[in-house]
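For the numbers below, each heavy atom of this structure counts, side chains included, while hydrogens, waters and symmetry mates do not.
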Amino acid sequence: MTALDGAEGWAYAVSGRVRGTALDDLSGEAVARTLPSLLRALDAAARVDLAGTSGYGIWTPDGRAPYASWPEALLAIGTETPRVPGWRAALVDSGIGLGPVEAGLSALAALTPCLPDARRLIHGDLLSRNVLAGEAGITGVLDWGNALYGDPLYDAAWLLHWWPWYPGWRPGDLHAALLTHWRATGPTPAHLRDRLHAYLLHIALDALAYCAYRSRWDEVRAHVGTVLTLASAGEGESVLIPAGA
């Protein structure tokens, strides 16, 4: 792979061609067969040596991320960035307001004491046709533009959040694959449910902000519902987190 600097501060990479079918296009049965391979690949990514890099959150091509801690990176979702400008005003103007965002941030802040100091590689966008698969498992993971430094359990939460958006996929397949994988590679991650709950909140808030920025109001309302459900859920109540985790 060759990394190149582009115009206006953007960077891109050119690699050899990877063949496969996008995970998004697979049947439920094919996805279930592919999940163990994907989870092993995420474990391998989490073992990448990050020497020479710094910070937490989304990183730039020089290997630097802007936040001093993982909780700080997560809680920054409540502020606007050049990547997603104007979403707070858009929510206010829509009549939805900032109440759901504040509720989500408050619930997220309450969970930060359970979060580890881990600073590992996270992909952060595993669907949207970014994972390719063949008969023997995944063949490539593309588009690292949303990659972060932080707790690698975030990628599991990403899958948990977006899985219900694919009607042909069975949630039980993902839950079973995650639990089997965690138990096989043990020990089971500490504070697993609290960590997943925190990351589900962050992902829903991120999606809410992005869809408000893009004026995709049906999706905004769906993400508002997810944020409020997660924010009001007691311990063990989240339907998005596997039973037994």
Side-chain angles (χ1 to χ4, degrees), residues 1-3 11-16 18-20 22-23 31-74 112 114-128 130-134 136-163 173-200 202-203 241-242 245:
M1 179 180 290
T2 302
Y12 59 98
V14 178
S15 68
V18 178
R19 298 183 182 276
L23 189 68
V31 167
R33 291 194 301 270
T34 302
L35 278 169
S37 170
L38 175 57
L39 298 178
R40 289 193 298 270
L42 294 178
D43 280 354
R47 293 191 294 269
V48 169
D49 186 357
L50 298 182
T53 69
S54 63
Y56 293 80
I58 293 180
W59 43 273
T60 53
D62 63 3
R64 298 180 181 179
Y67 300 104
S69 71
W70 179 227
E72 181 185 353
L74 294 174
T112 56
C114 301
L115 305 185
D117 294 328
R119 200 177 77 84
R120 309 306 300 171
L121 185 61
I122 302 166
H123 183 272
D125 194 10
L126 286 168
L127 296 170
S128 303
N130 289 334
V131 174
L132 301 180
I138 67 165
T139 57
V141 180
L142 312 176
D143 189 357
W144 291 76
N146 287 322
L148 310 97
Y149 299 141
D151 181 1
L153 272 182
Y154 189 94
D155 275 328
W158 181 273
L159 293 173
L160 286 167
H161 175 87
W162 291 109
W163 213 256
D173 290 336
L174 176 59
H175 294 178
L178 287 171
L179 291 172
T180 298
H181 181 75
W182 288 327
R183 290 166 178 164
T185 57
T188 301
H191 301 294
L192 175 60
R193 295 186 66 85
D194 289 328
R195 287 158 69 183
L196 289 174
H197 200 142
Y199 306 152
L200 287 165
H202 182 272
I203 292 161
I241 300 175

Notebook entry, point to check: Of all residues at least two apart in sequence or in a different chain, which pass the side chain to side chain donor-acceptor pair (under 3.5 Å) check with R195?
Noted result: D151
Item checked: Pairing residues for S69 by the side chain to side chain donor-acceptor pair (under 3.5 Å) criterion, not counting sequence neighbours -> none
Item checked: side-chain hydrogen bond (donor to acceptor under 3.5 Å, both in side chains) between D62 and T60, worked out -> CA-CA 5 Å; D62 63 3; T60 53; 2.5 Å; yes
As an exercise, state the distance from [atom1] of [X] to [atom2] of [Y], rounded to the nearest 0.5 Å.
X    : Y    : atom1 : atom2 : value
T53  : Y149 : OG1   : OH    : 4.0 Å
T34  : L132 : OG1   : CG    : 11.0 Å
T188 : L179 : OG1   : CG    : 8.5 Å
T112 : W70  : OG1   : CH2   : 12.5 Å
L23  : L159 : CG    : CG    : 8.0 Å
N146 : W59  : CG    : CH2   : 11.0 Å

Nearest non-hydrogen partners of [X] and [Y], listed with the distance:
X    : Y    : result
Y154 : I203 : OH-CG1, 3.2 Å
G145 : I58  : O-CG2, 4.3 Å
I138 : A41  : CD1-CB, 3.3 Å
S37  : G137 : OG-CA, 3.6 Å
A118 : P152 : CB-CD, 4.4 Å
A133 : T139 : N-OG1, 3.9 Å

Would you mind reporting whether [Y] and [X] have side-chain heavy atoms less than 4.5 Å apart?
X    : Y    : answer
Y67  : L148 : no
W163 : V31  : yes
Y199 : L160 : no
T180 : L39  : no
L74  : L115 : yes

Item checked: Under 3.5 Å donor-acceptor, D155 side chain and H123 backbone -> yes
Notebook entry, point to check: Ignoring hydrogens and geometry, is there a side-chain-to-backbone donor-acceptor pair from R120 to V48 under 3.5 Å?
Noted result: yes
Please name all residues satisfying ring-ring contact (aromatic ring centres under 6.0 Å, His included) with [X], sequence neighbours left out, ordered by chain then number.
X    : value
W162 : W158, W165, H223
H181 : none
Y56  : none

Note to self: Using the salt bridge (charged side-chain N to carboxylate O under 4.0 Å, His left out) criterion, which residues pair with D125? Sequence neighbours excluded.
What the structure shows: none
